[in-house]
Novice: 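Here you go, one structure.
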2 protein chains.
Amino acid sequence: MNETVVSTMTDDKIEFATSMFKLLGHPLRLRIVEILDLRGEMMVNDIAELTEQPQSTVSLYLNKLKNCGLLKSRRDGNQTYYSVNEPKLHILLNCLRGCPFE
Amino acid sequence: MNETVVSTMTDDKIEFATSMFKLLGHPLRLRIVEILDLRGEMMVNDIAELTEQPQSTVSLYLNKLKNCGLLKSRRDGNQTYYSVNEPKLHILLNCLRGCPFE
DNA sequence: TCTACATATTGACAAATTGAAATATACCAA
DNA sequence: TTGGTATATTTCAATTTGTCAATATGTAGA
């Protein structure tokens, strides 16, 4: 054991990164994020239909992803449009789509 | 609903990414990965001491991270040295350390 | 072999997460 | 206001994950 640096990440960054990874560590949530990254903004029901998942589940996950800062939303009438909160996610997804990960 | 692309990621890639994110979505595991990225290879007990966590827990997590392909290990005598499995993780960590994520 | 040390694995319980139906809320139009 | 639609929230059983002491396995040297 020596005295070299233990970490470059603050506790805050670890906490943020952890909560982000937790959310992305679920197939449906990752699919949703990827769909929004590809298609741009979508409303909740359309995402629910596209993924064939219950509206309540999709709405819940969209909210969590938004609270984490990964998505943003826009209200139009009685519909809510969700989209990726650039540039946080786009960079990560491209990193994921690229060669290093199989 | 139209016929545009739904996903660029195969189910396999979603599954791999999901399992990877699950592992990184834990403060101790993320710390371990970051430490190894900074220090190079370390043996299990040194990581346990540095992080002040039980040896069994650290060993368990190191194994999981290795099985996912994020770490690799090398046996030397009765010690096991773990290190990051480049370049998969380094890219991701740099992406994380950089500006886009707060 | 025996001993000491490093690591891996197991077992048990607490804690967190998942999934989906039921319900509530918000908005618009008539 | 009333009804219809879109979304958000609540609830809870089932499942998964976290934690760590105890134990087992593996390795090297005497």
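Naming convention: chains lettered A, B, ... in sequence-line order (proteins, then strands); numbering from 1 in each chain.
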Novice: If you measure from CE on B:Met9 to CG on A:Leu38, what distance do you get to the nearest 0.5 Å?
Specialist: 8.0 Å
Novice: Given atom CD of A:Gln79 and atom C1' of C:dA29, what is their separation to the nearest angstrom?
Specialist: 14 Å
Novice: Calculate the interatomic distance between A:Lys64 atom NZ and D:dT9 atom P; express it in whole Å.
Specialist: 12 Å
Novice: To the nearest Å, give me how far apart CG (B:Leu24) and P (D:dG18) are.
Specialist: 12 Å
Novice: Name the nucleic acid region contacted by A:Tyr81, choosing base, sugar-phosphate or nothing; use a 4.0 angstrom heavy-atom cut-off, strictly under.
Specialist: nothing
Novice: Between B:Lys22 (NZ) and C:dT17 (P), how many Å, whole number?
Specialist: 12 Å
Novice: Could you tell me how far apart A:Tyr61 (OH) and C:dG19 (P) are, to the nearest whole angstrom?
Specialist: 4 Å
Novice: Do B:Tyr61 and B:His26 make the cut of ring centroids closer than 6.0 angstrom?
Specialist: yes
Novice: Ignoring hydrogens and angles, does a donor from either the side chain of A:Asn78 or the base of D:dT5 sit under 3.5 Å from an acceptor on the other?
Specialist: yes
Novice: Need to verify one output field. Residue with the more 5' nearest nucleotide on DNA chain C, A:Gly25 or A:Asp76?
Specialist: A:Gly25
Novice: Looking across every strand, which nucleic acid part, if any, lies under 4.0 Å from A:Leu60 by heavy atom: base, sugar-phosphate, or nothing?
Specialist: base
Novice: Using a cut-off of strictly less than 4.0 Å, decide whether B:His26 has a side-chain nitrogen or oxygen near OP1 or OP2 of C:dA15.
Specialist: no
Novice: What does B:Thr80 touch in the nucleic acid at a heavy-atom separation under 4.0 angstrom: a base, only the sugar-phosphate, or nothing?
Specialist: sugar-phosphate
Novice: Regarding C:dA8, can its base be found pairing with the side chain of B:Gln55 as donor and acceptor, where the two atoms are less than 3.5 Å apart?
Specialist: yes
Novice: If you find the nucleotide of DNA chain C closest to A:Gly77 and the one closest to A:Ser56, which residue's nucleotide is nearer the 5' end?
Specialist: A:Ser56
Novice: Round to the nearest Å and state the distance from A:Leu62 atom CG to D:dT7 atom C1'.
Specialist: 10 Å
Novice: Between A:Arg39 and A:Asp46, does any side-chain N to carboxylate O distance fall below 4.0 Å?
Specialist: no
Novice: Could you work out which one of C:dG19, C:dA21, C:dA8 sits closest to the side chain of B:Tyr82?
Specialist: C:dA8
Novice: Side-chain N or O of A:Ser59 less than 4.0 angstrom from OP1 or OP2 on D:dT7?
Specialist: no
Novice: Counting heavy atoms from C-beta on, name the nucleotide in C:dA20, D:dC20, D:dT9 closest to the side chain of B:Pro54.
Specialist: D:dC20
Novice: Rounded to the nearest 0.5 Å, how far does CG of A:Asp37 lie from CG of A:Asn85?
Specialist: 12.0 Å
Novice: Under 4.0 angstrom, heavy atoms only, what part of the nucleic acid is A:Gln53 near: base, sugar-phosphate, or nothing?
Specialist: sugar-phosphate
Novice: Over how many whole Å does the gap from B:Asn45 atom CG to C:dC5 atom C1' extend?
Specialist: 9 Å
Novice: Using a cut-off of less than 4.0 Å, is there contact between a side-chain N or O of B:Arg29 and OP1 or OP2 of D:dG18?
Specialist: yes
Novice: When rounded to the nearest 0.5 angstrom, what distance separates CG in B:Leu65 from OG in B:Ser73?
Specialist: 11.5 Å
Novice: Whole angstrom is fine here: how far is it from CG in A:Asp46 over to P in D:dA6?
Specialist: 9 Å
Novice: Nearest to the side chain of B:Met43 - D:dA6, D:dT9, C:dA6?
Specialist: C:dA6
Novice: Write down the atom of B:Leu71, the atom of B:Val84, and the distance for their closest heavy-atom approach.
Specialist: CD2-CA, 3.7 Å
